[in-house]
Amino acid sequence: MRRLPPVLLEDGCPRELISLIRTILAACKEISFRVGQGALSGVLGSTLDENIQGETQKKLDVLTNQLLKDILLESGYVKAIASEEEDYTVAGNPNAEYIVAFDPLDGSSNTDINSLVGTIFSVMKAPEGSDPADQSIFMQPGKSQVAAGYVLYGPSTVLALTTGKGTRFFTLDKTHGSFLLTQDFAQVPEETNEYAINASNQRHWQPAMQNYINDLMAGETGPRARNFNMRWIAAMVGDVHRVLCRGGIFTYPTDTKDPNKPNKLRLLYEANPMAMLIEQAGGIASTGTERIMDIQPDAIHQRVAVILGSKNEVETCLGYHK
Ligand code: AHG
Ligand code: MN
Ligand code: MN
């Protein structure tokens with residue numbers, strides 16, 4: 001099986017970008033180990049703090065953020081970082097070419113129940129001559145990402161990665177610490193019978209999503225004339241991985257549950273990298289009204305509605321939004 005660096009070199013991926021990706025993965029290997037140790041490493045449970053978005057931080061949110069931040073800034077490969085767990089962007093090497101946005105631990109409500117969690121990352125180029133302390137260097141649409149990926153800490157530790165030449169899976173061989181290529185060019189099947197949504201929010205959705213989900217639930221006696229199955233891991237990283245592996249539609253739509261927070265998922269470090277991985281595997285990623293990767297961000301912690309996955313099913317769902 002092939003290791004990650006030669007696979008990326010063959011693609012013509014710049015050496016500096018490969019080094020940066022390997023730096024992120026060095027932190028992820030450490031996270032994989034800590035998460036795997038569970039209660040033994042004393043990292044389960046919550047802290048007494050909240051992040052800038054008003055979410056209680058789990059001990060693992062803080063630890064994983066610190067690991068990624070330290071290793072990235074020490075490496076010299078990043079001009080700046082943006083993280084879900086940092087109030088503001090953090091400046092790095094002024095001469096570096098790249099910037100990285102990350103969700104250090106996605107699905108943190110799963111930490112204490114030994115269920116799926118992961119790390120999501122997005123790499124972009126810093127504008128030439130830009131100031132590393134200037135937050136606005138992150139205000140680029142997802143289509144300008146040069147690499148995106150996640151590391152899923154499941155029964156095995158799996159990396160999904162794209163540098164714009166397809167989406168690949170690599171599995172961490174824990175016997176020697178290398179990520180080995182286990183699937184070249186993942187393809188999201190165009191058709192699916194599976195959907196993922198937090199159905200407890202149903203009464204708060206907009207009419208388009210209400211109608212779409214009602215029609216799925218009506219099954220073979222409804223307008224879709226077939227039965228659908230539902231899955232919800234409560235970690236986007238787990239749900240998107242399933243969609244990449246066997247198809248499906250995953251959505252976290254706009255809702256009116258909290259008027260101050262109409263959307264849940266964050267554009268820069270959740271929606272954009274997942275959208276690139278899905279599109280590179282032949283799927284679609286939209287907000288319901290526009291392509292996620294076309295959105296011009298205006299804040300680092302900006303949130304968006306997400307509808308992504310199998311091409312035909314996402315198109316059907318988007319039809320309800322017209
Ligand atoms: P995070 O753990 O980084 O805050 O993200 C959690 C997100 C996402 O991963 C998941 O799809 C969603 O929140 C789960 O939401 P519910 O709590 O509504 O299930
Ligand atoms: Mn998350
Ligand atoms: Mn998180």
Side-chain angles (χ1 to χ4, degrees), residues 24 27-28 31 34-35 43-47 49-69 81-87 100-122 148-154 160 194-205 209 213 230-244 248-258 261-275 277-278 285 287 292 300-309:
I24 296 170
C28 291
I31 295 172
R34 302 281 188 106
V35 167
V43 294
L44 304 185
S46 298
T47 66
D49 297 325
E50 281 187 351
N51 63 20
I52 196 169
Q53 305 168 65
E55 299 160 335
T56 304
Q57 289 179 306
K58 295 278 184 179
K59 286 185 194 163
L60 270 171
D61 286 322
V62 176
L63 180 98
T64 54
N65 181 57
Q66 199 64 46
L67 272 168
L68 273 157
K69 179 176 151 181
I81 57 152
S83 163
E84 175 180 289
E85 307 301 340
E86 293 286 332
D87 298 1
V100 180
F102 56 85
D103 177 353
L105 195 73
D106 179 62
S108 40
S109 73
N110 282 348
T111 52
D112 299 342
I113 58 166
N114 195 26
S115 195
L116 288 181
V117 289
T119 298
I120 310 172
F121 58 90
S122 159
Y150 61 77
V151 176
L152 177 67
Y153 311 110
E194 216 159 51
Y195 67 101
I197 190 164
N198 182 344
S200 70
N201 294 326
Q202 176 150 28
R203 68 191 184 283
H204 306 293
W205 300 331
M209 194 51 82
I213 298 292
M230 209 265 310
R231 285 286 182 272
W232 186 250
I233 291 175
M236 183 191 202
V237 70
D239 283 307
V240 169
H241 190 64
R242 184 187 60 255
V243 168
L244 279 170
I249 180 167
F250 164 86
T251 176
Y252 212 113
T254 301
D255 64 49
T256 54
K257 197 165 148 187
D258 173 355
K261 207 176 85 177
N263 298 304
K264 171 128 189 188
L265 298 174
R266 276 63 54 117
L267 176 61
L268 258 58
Y269 38 83
E270 291 174 323
N272 272 340
M274 294 311 203
L277 289 163
I278 289 286
T287 62
I292 286 174
I300 50 170
H301 299 298
Q302 179 173 347
R303 296 171 190 261
V304 290
V306 172
I307 305 169
L308 61 75

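What you see is a predicted model; the values in this text were computed from it and never measured. For ligands, and for the atoms within them, numbers begin at 1 and follow the listed sequence.
- Contact between Leu116 and Gly154 at its shortest, heavy atoms only, is CD2-CA, 3.5 Å.
- The closest protein non-hydrogen atom to atom 18 (O) of ligand 1 is Tyr252 OH, 2.5 Å.
- Scanning for side chain to side chain donor-acceptor pair (under 3.5 Å) contacts around Asp112 gives Lys58, with sequence neighbours left out.
- Salt bridge Glu194/Arg242: present, at least one basic N to carboxylate O contact under 4.0 Å.
- Below 4.0 Å from some heavy atom of Glu270 lie the following atoms of ligand 1, by number and element: 3 (O), 5 (O).
- Using a 4.0 Å cutoff on heavy atoms, Val117 does not count as a contact of ligand 1.
- Near Asn198, the atoms of ligand 1 lying under 4.0 angstrom from a non-hydrogen atom of the residue are 16 (P), 18 (O), 19 (O).
- Closest non-hydrogen pair, Ala235 versus Asn110, comes out as CB-ND2, 3.7 Å.
- Contacts with ligand 1 closer than 4.0 Å are made by backbone heavy atoms (N, CA, C, O) of Ala235 only, the side chain lying farther away.
- The line from CE of Met274 to CG of Asp106 is 6.0 Å long, rounded to the nearest 0.5 Å.
- Only the side chain of Arg266 comes within 4.0 Å of ligand 1, judged by heavy-atom distances.
- The shortest heavy-atom distance from Leu265 to ligand 1 is under 4.0 Å.
- Smallest separation of non-hydrogen atoms from Ile278 and Val243: CD1-CG1, 3.9 Å.
- Distance from atom 11 (O) of ligand 1 to its nearest protein heavy atom, with residue and atom name: Met236 N, 3.3 Å.
- Of all protein heavy atoms, the one lying nearest to atom 19 (O) of ligand 1 is Trp232 NE1, 3.0 Å.
- Ring centroid separation for the pair Trp232 and Phe250 comes in under the 6.0 Å cut-off.
- The nearest heavy-atom contact from the protein to atom 17 (O) of ligand 1 is Lys264 NZ, 3.3 Å.
- Nearest heavy-atom pair across Ile249 and Ile307 is CD1-CG2, 3.8 Å.
- Heavy-atom minimum distance, Glu84 versus Gln53: O-NE2, 3.1 Å.
- Residue Val306 comes nearest to Ala271 through the heavy atom pair CG2-CB, 3.9 Å, listed as atom of the first residue, atom of the second, then distance.
- Surrounding CG of Asp87 are more than 12 heavy atoms belonging to other residues, nucleotides or ligands, all under 6.0 Å away.
- Here's the thing with Gly107: one of its N/O atoms is less than 3.5 angstrom from an N/O atom of ligand 1.
- Between Asn201 and ligand 1, a contact under 3.5 Å exists for no N or O pair.
- Protein N/O/S atoms nearer than 2.8 Å to the Mn ion (ligand 2) total 3.
- With sequence neighbours excluded, no residue forms a ring pair (Phe, Tyr, Trp, His ring centres under 6.0 Å) with Phe121.
- One option in Asp106, Asp103, Asp239, Asn110 has a heavy atom closer to atom 9 (O) of ligand 1 than any other, and that option is Asp106.
- For Tyr150, the ring pair (Phe, Tyr, Trp, His ring centres under 6.0 Å) partners two or more places apart in sequence, or in a different chain, are His241.
- At a 3.5 angstrom cut-off on N or O pairs, Phe250 does not count as close to ligand 1.
- Heavy-atom proximity to Leu105, at under 4.0 Å, picks out these atoms of ligand 1: 2 (O), 3 (O).
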